[in-house]
Amino acid sequence: MFTAAKRLAALTAAALLGSALAPVAAAAAIPDYTTAESGNPIVDGWYADPDVAVYNNTFWVYPTTSKSYGEQTYLDAFSSTDLVNWTRHPNVLTKANVSWATQAMWAPAPIQRNGRYYLYFGANDIQNNSQLGGIGVAVADNPAGPYRDAIGRPLIGQFYNGAQPIDQDVFIDDDGQAYIYYGGWGHANVAKLNADMTSLGTFSDGSTFKEITPSGYTEGPQMFKRNGKYYLMWSEGGWTGPDYSVSYAIANSPTGPFTKLDRVLTQDAAVARGSGHNSVINVPGTDTWYILYHRRPLSETDGNHRQLAYDRMTFNADGTIQRVTMRVKDNFADGNALGWKTFGGAFSVSGGRYQAGSSLGGKAQLDTNFGDFSYDADVTVTSGGGDAGLTFRVSNAATGADSYNGYYAGISPAGRVVLGRAANNWTQLGTANLTVTAGTSYHLRVTAIGSSIKVYVDDMTNPRISVTDGTFASGSDGVRVYNAAAAFDNVVVGAPVGAGVNVAQGRPASGSTPCAASEGPEKAVNGSVSGGNSDKFCSSGAGAWLQVDLGATRSLSRFELAHAQAGGEAASMNTKAFTISVSNDGTTWTQVVNVTANTAANTSHPVSGVSGRYVRLNVVTPTQTTEVATRIYELRVF
């Protein structure tokens, strides 16, 4: 991670880093990514527990080799100057260079000081104080190694405060004091490192180890500093389970106290499972941050099948961290198609595009499982009279023209757009006339919400095809050709977008205390009032509020509210006075709607020039009478 530790180390190495320095050319050359724009995973192979350092304007990632314990006898590294193209450096540290390590070499933590490069690592997964192992430190003259054991024994080889000696992170504060954070088995410790970086110091009270365990902590502590505040991140849940996740705390001191604020990274049932054991990247000279972590592909059941990924990490105005959204993108700028699996046909990456040779139904799929979504890509039919396009809600994919369950939308130089359903046969659902020129790129979008499927080509306002078909509810996304060769680029899959899409539906919602546990804020964003009286957000007392996180800052055109009467209750229960506000960070709000005398069951509130990630409804007068309970059956945002 790019912490004060890495900042100080990089300054020592004249790496031109640090908040006091103006952005340099290398930093300016790195775009303001929303995620790994060229696709997650970022490198090939099974890896986990990544940590990051910035040496001489190059990002270095050091992960665990994700294999069985007996095979975890070496560590690789990856370097990049742009966070897109990565070079693998094999065997930067091996057990041959650590006399006491036999297996389970874990979670390397890199840092530079005194003109040398240090790599802290766990080894042997000790279970008690009679076993040899714990946290070691290796040193090298080059970030790529070879690293060699610096002291001939573990730096921390015993259990203190119940913390298993694993999962270390090293941080150097602005005053030059170095700290090591570590711990498994639900306990976290911090200790001081002496200036030699190979021995432990003591605190003012004479102690060597201080326990700093926050609530929910399992393992994997990571420390960074931003705007004078100390951020501790850690992993919760089981490393092989879908509940593996990342939470954080903020303190005024590098030793805490650390009180949990929020869980910021969790599994996404549409993208990946087991997301955790993170570090962070701060682009030098900027306030651009990413969370680097490992995760497990949806189709993988082997606990060691973990991959490296990063997504954007955004701070609110008060310094708190927004919850991270795992995004699905691939612009193929890294020259590979990691994460794609092919079924027939010939696929390769060249010229920054995913090229498909002509075949009768060759397809490539991502390991995703989206239900409601918008799927965008640039599609170019390069030769042939057939078609090329996007597959979605796919399962049971195999080699063969229609060997999958799911949908396909494509374009053809024969002058048409086509949408169909496959289930080891082909059912055409819709066609539209469109002039398609071979060699010309067209922007395709498929938006699917429930049984509604719309296909757009270039014009993102008016669909070329619009049908209703609920045969397949969810599945993977991919690309396909039929009797044509094609190129694909700028793939993006995410929440539904576009006119007429309720972007609040299914999003995380919070609110004032509900009337009952079954009447929480989530009921107001479930897309339905069909449940009648049981399908509402209800909150008693003055000052009721409802807030929804749209997941990203969006341009907004309209808000809709379904009040009590829309759910079958008396008209006298309709909300009388309320406001709607928007915010980009969840802290600073702009009021965009103010209603003082509503009586209707359903209200619509058009706006212009409005954007925001968060939408908040504040109720001023709950009903037409003296009834104190607020009843909101649905909050829709377009």
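All heavy atoms count here, side chains included; hydrogens, waters and symmetry mates do not.
Distance alone, capped at 3.5 Å, is enough to place a donor-acceptor pair between the Glu634 side chain and the Asn526 backbone. In this structure, Thr368 contributes its side chain and Ala270 its backbone to no donor-acceptor pair below 3.5 Å. Using modelled atom types, one side-chain atom of Arg507 and one backbone atom of Asp549 make a donor-acceptor pair closer than 3.5 Å. Side chain of Thr64 to backbone of Ala107: a donor-acceptor contact under 3.5 angstrom is found. A donor-acceptor distance shorter than 3.5 angstrom exists from the side chain of Thr391 to the backbone of Gly478, with no hydrogens or angles considered. Judged purely by atom type and a 3.5 angstrom limit, Thr81 has no side-chain atom pairing as donor or acceptor with the backbone of Thr58. Judged by distance alone, the side chain of Asp311 and the main-chain N or O of Thr35 form no donor-acceptor pair under 3.5 Å. Formation of a donor-acceptor pair under 3.5 Å by the Gln72 side chain with backbone atoms of Thr65 is found in this model. A distance-only check finds no donor-acceptor pair linking the side chain of Asn502 to the backbone of Arg636 [under 3.5 Å]. Listed for the Asp125 side chain is no donor-acceptor partner under 3.5 Å among the backbone atoms of Ala104.
To the nearest 0.5 Å, atom OG of residue Ser235 and atom NE2 of residue His277 are 6.0 Å apart. Separation of atoms CH2 (Trp239) and OG (Ser66) is listed at 6.5 Å; rounding is to 0.5 Å. A distance of 4.0 Å separates CG in Asn278 from CD1 in Ile291, rounded to the nearest 0.5 Å. Distance check: Trp106 CH2 to Ile135 CD1 gives 11.5 Å after rounding to the nearest 0.5 Å. A distance of 4.0 Å separates OG1 of Thr553 from CG of Asn584, quoted to the nearest 0.5 Å. The CH2 atom of Trp86 sits 12.5 Å away from atom CG of Asn336, with the distance rounded to the nearest 0.5 Å.
Put simply, the side chain of Val61 reaches to within 4.5 Å of the side chain of Leu308, judged on heavy atoms. A heavy-atom distance below 4.5 Å is not found between the side chains of Arg554 and Ser611. When side chains are defined from C-beta on, Leu390 counts as touching Val479, because their heavy atoms get closer than 4.5 Å. Residues Pro221 and Leu232 meet the side-chain proximity criterion, which asks for heavy atoms closer than 4.5 Å.
Less than 6.0 angstrom separates the ring centroid of Phe78 from the ring centroid of Tyr47. Here the two rings, on Phe472 and Tyr407, have centers that are under 6.0 Å apart. Ring pair Tyr375/Phe392: centre-to-centre distance not below 6.0 Å. Between Tyr117 and Tyr55, a ring centre-to-centre spacing shorter than 6.0 Å is recorded.
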- Under the side chain to side chain contact (heavy atoms under 4.5 Å, CB included) criterion, do Ile180 and Tyr120 qualify, and how do the steps go? CA-CA 9 Å; Ile180 184 168; Tyr120 298 78; 4.3 Å; yes
- Item | Steps toward side chain to side chain contact (heavy atoms under 4.5 Å, CB included) verdict (Tyr230, Asp173) | CA-CA 10 Å; Tyr230 298 86; Asp173 206 351; 2.5 Å; yes
- Going through the checks in order, is the side chain to side chain contact (heavy atoms under 4.5 Å, CB included) test met by Met460 and His443? CA-CA 9 Å; Met460 297 296 108; His443 183 176; 4.3 Å; yes
- Message: Working note: His294 + Gln307, criterion side-chain hydrogen bond (donor to acceptor under 3.5 Å, both in side chains); need CA distance, chi angles, decisive distance, verdict.
- Response: CA-CA 5 Å; His294 73 242; Gln307 297 175 321; over 6 Å; no
- Worked verdict on Tyr310 versus Ile42 for side chain to side chain contact (heavy atoms under 4.5 Å, CB included): CA-CA 8 Å; Tyr310 71 79; Ile42 60 171; 3.7 Å; yes
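Between Arg226 and Asp287, at least one side-chain N (NZ, or NE/NH1/NH2) sits under 4.0 Å from a carboxylate O, which counts as a salt bridge. We find that Lys225 and Asp174 are joined by a salt bridge, their nearest charged nitrogen and carboxylate oxygen being less than 4.0 Å apart.
Below 30°, between 30° and 60°, or above 60°: for Trp340 and Tyr354 the angle between ring planes is between 30° and 60°, a tilted geometry. Relative orientation of the Tyr62 and Trp60 rings is parallel, given thresholds of 30° and 60° on the angle between their planes. Ring-plane geometry between Phe224 and Tyr231 is classed as parallel, the angle between the planes falling under 30 degrees on a 0 to 90 degree scale with a further cut at 60.
Scanning all heavy atoms of the two residues, the minimum distance from Leu550 to Gly612 falls at CD1-O, 3.8 Å. For Pro514 against Gly520, the heavy-atom pair with the smallest separation is CB-CA, 4.1 Å. Counting all heavy atoms, side chain and backbone alike, Asp169 lies closest to Ala109 at CA-CB, 4.1 Å. For the residue pair Ser512 and Ala544, the shortest heavy atom distance occurs at OG-CA, 3.4 Å.
Because its NZ or CZ atom is not both nearer than 6.0 Å to the ring centre of Phe332 and within 45° of the ring axis, Arg353 does not count as a cation-pi partner of that residue. By the 6.0 Å and 45° rule, Arg312 does not stack over the aromatic ring of Trp289. For the pair Arg273 and Tyr244, the cation does not sit on the ring face, since its NZ or CZ is not both under 6.0 Å from the ring centre and inside 45° of the axis.
No side-chain N or O of Ser245 forms a donor-acceptor pair with one of Thr266 less than 3.5 Å apart.
For the side chain to side chain contact (heavy atoms under 4.5 Å, CB included) with Val610, the qualifying choice from Val615, Val582, Ile580, Val593 is Val582, the only one to do so.
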